[in-house]
Enquirer: 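Below you will find the structure I want to go over with you.
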Amino acid sequence: VARSASLERSPWLPSYAWWAPPEEYALTVVLSSFHSTTQAEGEFEAYLRGFAGSGQALWEHETGPYRHGDEVAVELDALDLPAPPSPSGGVIEVHVIRTDRAPDRPVDCLGQWVHAEGREGGGYLIPTIPIRGQEKRVQRDDLQVLPGVMSDSGVETEIVLVNPIDVATEARLTVSSAGGLVLDTEPFEIPPWSAWRGSLSNELPRVRRMLAEDGGVGSAAVYSSHKILPFFGFRSPGLALTCMDHAAPMFA
Amino acid sequence: MYMPVLAGYGGYEIDTRLIVFNWEGAQEPAGFRLDLMRPNGERVSASRHEAPSGGSTVIDMSRAAVGQLLPEGVGLAKDRARPSRGRLAPAVLPPRDADLGNDHAREEGPQGPAPARTAALPLDLPDRALAPAGGGLLLVRQHPARADARPALGLAERGRRNGRSSAAGDRVRAVRARPLHEHVDSVAAGAKAGSVRLDPATFKVAGHMLRHDPEAQLWRVQHL
């Protein structure tokens, strides 16, 4: 999908989230002008794109202009979009541009929200996250933590790693028990513009045994060769993934 | 850092564990104080904990552990000394036939409430329809206290000892829970979707959204 040069050069940068498999979730991108500014003169346009395996978008959707005070909810089901080819899903780009003014900084990002309703229950609400232009100061880009993961017969932690850049990214997961026992995955690769999805017990078959002494609870860390966007959620047997949230960087 | 504690909220079988992850950084335990508050801001317990280097501390905030302290079945935990590394986050543990939620702690403002200003970004909570009679919003709100309030006097005294301005007496934090469905009929009916906004945005607010579907025993607890 070709884009205008002005859009590519905009100082308002896009943010990203998981394009969850549409057979599992109905996704709605929530574009809240209140979340972007308190200035009544604020005017916006938003461009949504879906990626799965390459920097060539599979689809693009323009919202048209909207103003401060408007709330725009884009239900992807209503757009007749192709599904991401991978069962792990893909990457949603949410590019909100403020058309009445430039950012105060050289570049900026207007993060929004993706709301997911599980087709069979469950669901989550996650923020979209920029890969560039974020104002948060972090100590390092290659490590993010997932405090409070669970893995036992009743609850499993699922992890989604979104790689919204043009190069493959190597990642590995580390799970730590309360007492400090550690299990590591082997490094694995996430292709460009792709999402990786796995569960703790699938990736680390001994994790349940390791966490058993602590009630199935521990914490995890994600190491990556480039910055990625990790999300994690929980699933009980027979129920849908729910309450997905984003990992936490090490703030400076 | 604030986080909600659910311990029998609404009469349901809901408990909370809080988890502190001390990863990377100095190879030493990370100590912190944890306060537990009722929704009205009353502190009902304070305890000290340590998260071992490379590990996690799991703190029991179940009905059995803190239910007597939280007659409303809900409260807030406040990490009074942020670890040099790691984050504080609770896992909300459901009965085995229920679904579950998770939540991150929210960081408080570094200096208490900001002065009133009209250009502040309002709290905004985009969402779809909340479950009938189950949607709620738990707000941790920092607000000025009366000058003669005990916490204010304590802070002022501490400020004097530390050579800081007595203006710190204005910076008492407190907690308010606002069950959204009790204030907005259409939310209680599950008929409205949209955003929640606090106006004017006078105070820095750390908030959490609690959603509960009583039929499915599905809890969702997420930060704003």
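None of these values were measured; they are calculated from a predicted model.
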Enquirer: Over all heavy atoms of both residues, which pair between A/Asp214 and B/Arg17 is shortest? Give the atoms and the distance, please.
Expert: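 Looks like O-NH1, 4.3 Å.
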Enquirer: For A/Glu23, look at atom CD and say whether over 12 heavy atoms of other residues, nucleotides or ligands are found less than 6.0 Å away.
Expert: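 Check passes, neighbour count above 12.
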Enquirer: Does the pair B/Ile19 and A/Ser219 meet the rule for a side chain to side chain contact (heavy atoms under 4.5 Å, CB included), with working shown?
Expert: CA-CA 8 Å; B/Ile19 300 158; A/Ser219 297; 3.7 Å; yes
Enquirer: Counting only heavy atoms not in A/Glu170 (residues, nucleotides, ligands), do more than 12 fall under 6.0 Å from its CD?
Expert: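 Enclosed.
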Enquirer: How would you list, by chain and number, every residue that makes a ring pair (Phe, Tyr, Trp, His ring centres under 6.0 Å) with A/Phe231, sequence neighbours excluded?
Expert: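 Partners of A/Phe231 by the ring pair (Phe, Tyr, Trp, His ring centres under 6.0 Å) criterion come out as none, since no residue qualifies.
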Enquirer: Counting only heavy atoms not in A/Arg101, do more than 12 fall under 6.0 Å of its CZ?
Expert: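 More than 12 within 6.0 Å, yes.
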Enquirer: Do A/Leu146 and B/Phe21 make a side-chain contact, defined as non-hydrogen atoms from C-beta onward lying under 4.5 Å apart?
Expert: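 A side-chain contact is absent here, since even the closest heavy-atom pair is not under 4.5 Å.
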Enquirer: Residues of residues 173-185 of chain A under 4.5 Å from chain B (heavy atom pairs)?
Expert: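 Checking residues 173-185 of chain A against chain B gives A/Thr174, A/Ser176, A/Ser177, A/Ala178, A/Gly180, A/Val182.
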Enquirer: Give a yes or no on whether A/Arg206 atom CZ has more than 12 heavy-atom contacts from other residues, nucleotides or ligands under 6.0 Å away.
Expert: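 12 or below, so no.
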